Amino acid sequence: MTAREKTDVDLLGPVRLSECGSWATTDGTPFGPVSDVRCPDTTHCLNLAPCEDGRIGAHDRNHTGRCRWIGSTVLDDRHTIARGRLFIIGDVIGVRPEVVSYE
Ligand SMILES: [Zn+2]
């Protein structure tokens with residue numbers, strides 16, 4: 001038996017780390033091994049979710065039912081994020097929104 005439940009599959013497709021917007025690493029550096037990610041369901045999942053074997057693990061939410069992002073593959077696209085957009089608060093690494101000019 002594996003640790004992953006049968007239902008832990010990519011129901012919503014893979015998600016890129018840059019889309020998650022924030023994550024934590026085991027060594028506290030922006031490019032270290034990812035331990036937790038911000039769930040893409042930012043309405044109902046308010047805290048970081050564990051990232052296990054490159055997938056979003058089970059996590060608490062403020063809504064009934066199971067989060068559909070559980071089991072989704074997390075694609076590591078950190079190398080595409082400009083260094084100036086990364087910031088660290090405590091144990092969490094975040095990505096500042098891109099500045100868009102409408103001129
Ligand atoms: Zn979630």
Side-chain angles (χ1 to χ4, degrees):
M1 180 176 160
T2 65
R4 186 172 300 142
E5 294 181 35
K6 191 175 182 182
T7 55
D8 287 350
V9 295
D10 280 294
L11 292 175
L12 301 175
V15 60
R16 289 177 284 145
L17 260 185
S18 61
E19 294 174 309
C20 293
S22 57
W23 61 88
T25 58
T26 58
D27 63 6
T29 68
F31 296 92
V34 176
S35 59
D36 302 85
V37 298
R38 181 80 156 91
C39 179
D41 183 353
T42 56
T43 302
H44 299 117
C45 306
L46 307 180
N47 299 313
L48 293 182
C51 184
E52 302 161 338
D53 298 327
R55 291 176 180 261
I56 295 177
H59 52 278
D60 292 332
R61 61 200 312 246
N62 67 354
H63 195 267
T64 58
R66 180 183 171 85
C67 177
R68 289 169 53 87
W69 286 100
I70 294 174
S72 293
T73 303
V74 178
L75 302 177
D76 188 350
D77 67 341
R78 288 177 284 184
H79 61 285
T80 67
I81 304 169
R83 296 273 178 132
R85 291 182 58 208
L86 296 177
F87 64 91
I88 301 175
I89 297 179
D91 297 331
V92 178
I93 294 97
V95 182
R96 288 187 182 86
E98 282 187 271
V99 176
V100 178
S101 173
Y102 294 100
E103 294 182 57

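Source: prediction; values computed, not measured. Any value given below was found using the heavy atoms of this structure, including those in side chains, with hydrogens, waters and symmetry copies removed. In listed order, ligands and their atoms are each counted from 1.
Shortest non-hydrogen contact noted between Ile93 and Pro30 is CG1-CA, 3.7 Å.
Leu46 belongs to no hydrophobic cluster with other residues, because no ILVMFWY side-chain heavy atom falls under 4.5 Å from its own, directly or through intermediates.
Checking side-chain atoms of Arg38 against main-chain N and O of Cys45 turns up a donor-acceptor pair under 3.5 Å.
Just one residue in the list His63, Arg61, Arg68 forms a side chain to side chain donor-acceptor pair (under 3.5 Å) with Asp41, and that residue is Arg61. Residue Arg78 forms a side-chain contact (heavy atoms from CB on, under 4.5 Å) with just one option from Val34, Leu86, Val95, and that option is Val34.
Atom CG of Asp77 has more than 12 neighbouring heavy atoms from other residues, nucleotides or ligands inside a 6.0 Å radius.
Inside a sphere of radius 2.8 Å centred on the Zn ion (ligand 1), the protein N/O/S atoms present are Cys39 SG, Cys45 SG, His59 NE2, Cys67 SG.
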